[in-house]
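Some notes on the structure that comes next.
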Amino acid sequence: MYYSEEFIEEVRQRNDIVDVISGYVNLKKSGSNFTGLCPFHNEKTPSFSVSGGKQMYYCFGCGAGGNVFTFLMEYENLTFPEALEQLAGRAGMALPEKSNSEEDRRRRNTRERILEIYKLAANYFYAKLNSGRGEEAKKYLLQRALSEETIRRFGLGYSDKFSDDLYQYMKKKGFDDTILNQTGLFTFHEKKGVYDKFWNRVMYPIMDRSGKVIAFGGRVMGDGKPKYLNSPETMVFDKSRNLYGLNFVHGRQDQGMIICEGYMDVIALHQAGFTNAVASLGTAFTSQQSSLLKRYTDTVYLCYDSDGAGVKAALRAIPLLKEAGLTVRVIDMQPYKDPDEFIKGLSAEEFQSRIHSAQNSFFYEIGILQREYDMGDPEEKTKFMNEAAKKCLTFENEIERNNYIEAFSREYGIRSEDFRQLVKHHAAAAVGIQYEKIKSERQKKKDNGKEDGIGRIQAILLTWISEDLSLYPIVKETILPEDFLDEPYREVAKLLYEQAETGSMSPAAIISRFDSKEEQSVVAGLFNRQVKEVREHTEREKALNEVVKTLKKASLEKQSREITDLSQLQALIAEKKKLEHLSLRLPVQ
């Protein structure tokens, strides 16, 4: 740890987890908690829950969970000290003197060294581009109508034809193979030795939001394969949570953000004055990137290539963007393939005009869908109408759904009431399918024993106590931390009981006592066990008694297997008999 526990806890308390996470995830109020789409895995139905009371988050889909530190570490790929320092800055808190641990120093040093290597590499590639060795690459960029200023601004460079050019440069700078192997810039081969990942390519530095170079993209000169090559993921680079060009975007973008497919598209648009353009990094668009965009704007303009691959990419991105709470519109670039060609062929003014006339994403999807059907054939047209009705079900808000039903009906010349009935028909069918799916999943879990077992009982009891401090004095008369059968239940119970003795409860503070993100996710799960809500007093008492008796019985049975002393065994038998008559009473609300 860098800092004292007191300072860590003060930073946590001064950063409300709902406020912090809502900057990354579109959260909606749901009872006493907030829910949204999990930023750590792709999902269509929100299973990500944030509790302001417990100051923690948990995803019931993938199991990710923790407190405000865990979230920042996981989402931003930060170390704990880096997350702590960022949150301290957010709260306006001055940092005390650091007391480094060996592990913290090692990880921070590795990260800083990798960033240093990437900065040196970017400068090296830029120098190569502007030397005699980079003449062909420089000519290529100038032929693409890029100005010297744009080349400089984006730090474009060139990797030499020699396959170990960068490697030899880094060795002369004093870097050893251990750190170089972690950068993703080199390939270490048992027989071939070490060679550069990028050679004979135009180089595009990829920067994080603070302007630090964290990766590269490279476009081959000539006919080599692959045409474009991207850095692998490292401890400083997660391609699913970064966007090319985002380092040039500052503050809220009320005019919206433009999403392109490639580096050159972004560069061409920036040069033409559209400095709100970004691109995904050589992979399909992700929900994490959608959440990232939501921090900057409420509206996104898709500007993917007009070919088949671009259409497929747009259709994949639209639902992810909409699930993040973004309004999505699609720019028509016909007769050109991409923004780079469009700007050269027409003008920046015409591109701005296309932004103003960008198509609503729903009707873009409907237009693509219509291509699959022969609208002159009654049967084919009916199939199309059915598929369009299913698309209307993606609108959860009834008013919004009705607006689209009426707009679709006008567009295709049918009675809105007829189309509304068709939508209702598919809605009823979808409810039935969803019910069967849920029932099947519940049965599968039951068959696998995932909803049974003493582990679930322990987690339920911890959840109950963390949510209702009045249960603690009732439960502790029977259940002690030692009665929890294994870890991490026992350690969590010990910490929870210590808090309860002070008259306060903070699950988020308990999470901070566990070092790894994996442990923190497990602990968060213990405080978020979903159980059927019981409101009636006697039923709540009955449920509590069943849980306490089951856990105590299991604890006594475990103890009986481990002792050999006769007097201790007799004492356990007496406790078991006493347990039969246990009747816990809840205070009347």
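Computed from a predicted structure; not experimentally measured.
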TODO: Taking all heavy atoms of Thr297 and all of Gly256, pick out the closest pair and write down the distance.
DONE: OG1-CA, 3.3 Å
TODO: Give the intermediate values and the outcome of side chain to side chain contact (heavy atoms under 4.5 Å, CB included) for residues Val220 and Lys225.
DONE: CA-CA 7 Å; Val220 72; Lys225 299 291 183 181; over 6 Å; no
Task: Value rounded to 0.5 Å, distance of CG in Asp238 from CG in Leu281 - done: 10.0 Å
Open item on the list: If you count heavy atoms of other groups shown closer than 6.0 angstrom to CD of Glu135, is the number above 12?
Closed with: no
- [ ] Just jot down the side chain to side chain contact (heavy atoms under 4.5 Å, CB included) partners of Glu398, sequence neighbours excluded, or say none.
- [x] Arg401, Asn402
Open item on the list: Once side chain to side chain contact (heavy atoms under 4.5 Å, CB included) is applied, do any residues pair with Ala272, and if so which ones, sequence neighbours excluded?
Closed with: Phe274, Ile343, Ala348
Open item on the list: Please verify the inter-ring angle class for Phe408 with Phe419; under 30° counts as parallel, over 60° as perpendicular, anything in between as tilted.
Closed with: parallel
Open item on the list: How long is the straight-line distance from CD1 of Ile318 back to CG of Leu326, given to the nearest 0.5 Å?
Closed with: 12.5 Å
- [ ] If a pair satisfies side chain to side chain donor-acceptor pair (under 3.5 Å) and one of its residues is in residues 314-337, list it, with sequence neighbours excluded.
- [x] none
TODO: For residues 300-312, pull every pair meeting side chain to side chain donor-acceptor pair (under 3.5 Å), keeping only residues two or more places apart or in separate chains.
DONE: none
Task: Least distance between heavy atoms, Gly63 atom then Tyr58 atom - done: O-CE1, 3.6 Å
- [ ] Would you please indicate yes or no on a ring centroid separation below 6.0 angstrom for Phe198 and Phe125?
- [x] no
- [ ] Provide the full list of ring-ring contact (aromatic ring centres under 6.0 Å, His included) pairs with a residue in residues 128-157, sequence neighbours left out, each pair given once.
- [x] Phe154-Phe248, Phe154-His270
TODO: Report the C-alpha separation of Leu129 and Ile151 in whole Å, then their side-chain angles, then the decisive distance to 0.1 Å, and conclude whether the side chain to side chain contact (heavy atoms under 4.5 Å, CB included) test is met.
DONE: CA-CA 10 Å; Leu129 179 73; Ile151 292 171; 3.7 Å; yes
Task: side chain to side chain donor-acceptor pair (under 3.5 Å) involving Lys119 - partner list, sequence neighbours excluded - done: none
Open item on the list: Within this structure, what is the OG-OH distance for the pair Ser231 and Tyr204, rounded to the nearest 0.5 Å?
Closed with: 14.0 Å
- [ ] Could you pull out all residues at least two apart from Phe69 that satisfy ring-ring contact (aromatic ring centres under 6.0 Å, His included)?
- [x] Phe80
Task: Any Asp160 side-chain heavy atom under 4.5 Å of Tyr124 side chain - done: no
Task: Residue of the set Val266, Asp338, Leu243 for which side-chain contact (heavy atoms from CB on, under 4.5 Å) holds with Cys260 - done: Val266
TODO: With the side chain counted from C-beta on, respond yes when Val278 and Ile258 share a heavy-atom pair under 4.5 Å apart, and no when they do not.
DONE: no
TODO: State the OG1-CG distance between Thr299 and Leu293, to the nearest 0.5 angstrom.
DONE: 11.5 Å
Task: Short N-O contact, Glu387 and Lys390, less than 4.0 angstrom - done: yes
- [ ] Using modelled atom types only, decide if a donor and an acceptor are shared between the side chain of Asp196 and the backbone of Trp199 within a distance under 3.5 Å.
- [x] no
- [ ] Enter the distance from Phe351:CZ to Cys303:SG here, rounded to the nearest 0.5 Å.
- [x] 3.5 Å
- [ ] Sort and list the pairs that fulfil salt bridge (Lys or Arg N to Asp or Glu O under 4.0 Å) and have at least one residue in residues 144-159, not counting sequence neighbours.
- [x] Lys138-Glu148, Arg144-Asp340, Glu149-Arg152
Open item on the list: As a quick check of understanding, evaluate side chain to side chain contact (heavy atoms under 4.5 Å, CB included) for Ile214 and Asn242, giving each step before the final call.
Closed with: CA-CA 10 Å; Ile214 56 175; Asn242 287 279; 3.7 Å; yes
Open item on the list: I want to check something: taking the side chain as every heavy atom from C-beta on, are Thr234 and Thr183 in contact at a cut-off of under 4.5 Å?
Closed with: no
Task: Enclosure of Lys344 NZ (heavy-atom neighbours >12, cutoff 6.0 Å) - done: yes
Task: Salt-bridge present (Asp298, Lys294; N to O < 4.0 Å) - done: yes
Open item on the list: If you apply the rule ring-ring contact (aromatic ring centres under 6.0 Å, His included), what do you find for Tyr57 with Phe48, and how did you get there?
Closed with: CA-CA 7 Å; Tyr57 70 92; Phe48 184 76; 5.5 Å; yes
Open item on the list: Closer than 4.0 angstrom, basic N to acidic O: yes or no for Glu365 and Lys391?
Closed with: yes
TODO: Could you tell me which non-hydrogen atom of Gly262 sits nearest to which non-hydrogen atom of Ala279, and how far apart they are?
DONE: O-CB, 3.8 Å
- [ ] Might you point out which heavy atoms bring Met221 and Ala137 nearest each other, and give the distance in Å?
- [x] CE-CA, 3.9 Å
Open item on the list: Quick one about Glu406 and Ser416 (side-chain donor to acceptor, distance below 3.5 Å, no hydrogens or angles considered), yes or no?
Closed with: no
Task: Ring centers of Tyr158, Tyr126 separated by less than 6.0 Å - done: no
Task: Interatomic spacing from CG in Asn200 to CE in Met203 - rounded to 0.5 Å - done: 11.5 Å
Task: Geometric class of the Phe71/Tyr24 ring pair [parallel <30°, tilted 30-60°, perpendicular >60°] - done: perpendicular
Open item on the list: I'd like to know if the side chain of Asn230 pairs up with that of Tyr263 as donor and acceptor (distance under 3.5 Å, no hydrogens or angles considered).
Closed with: yes
- [ ] Please assess Arg420 against Glu417 for the test salt bridge (Lys or Arg N to Asp or Glu O under 4.0 Å), listing each intermediate value before the final yes or no.
- [x] CA-CA 5 Å; Arg420 183 174 286 103; Glu417 192 53 41; 3.2 Å; yes
Task: For Ala388 against Ile366, the heavy-atom pair lying closest together - done: CB-CD1, 3.8 Å
Open item on the list: Heavy-atom count check: over 12 atoms from other residues, nucleotides or ligands less than 6.0 Å from Phe188 CZ?
Closed with: yes
Open item on the list: Between Asn67 and Thr70, do the side chains contain a donor N or O and an acceptor N or O under 3.5 Å apart?
Closed with: yes
- [ ] Quick one: list whatever passes ring-ring contact (aromatic ring centres under 6.0 Å, His included) with Phe186, sequence neighbours left out.
- [x] Tyr167
Task: Least distance between heavy atoms, Lys192 atom then Tyr195 atom - done: CB-CE2, 4.3 Å
Task: Pair Glu82-Gln86, side-chain donor/acceptor within less than 3.5 Å - done: no
Open item on the list: List the residues meeting side chain to side chain donor-acceptor pair (under 3.5 Å) with Lys381, not counting sequence neighbours, and say none if there are none.
Closed with: none
Task: Pairs touching residues 203-213 that satisfy salt bridge (Lys or Arg N to Asp or Glu O under 4.0 Å), sequence neighbours left out - done: Glu76-Arg209
Task: Pairing of Asp165 and Arg133 as salt bridge, 4.0 angstrom limit - done: no
- [ ] Tell me yes or no: between the side chains of Ser287 and Ser290, is some donor less than 3.5 Å from an acceptor?
- [x] no
Open item on the list: Under 6.0 Å from the ring centre and within 45 degrees of the ring axis: does the NZ or CZ of Arg241 meet both conditions for the six-membered ring of Tyr75?
Closed with: yes
TODO: Can you run down the ring-ring contact (aromatic ring centres under 6.0 Å, His included) pairs that involve residues 364-402, sequence neighbours left out, and say none if there aren't any?
DONE: Phe362-Phe395, Phe384-Tyr412, Phe395-Tyr404
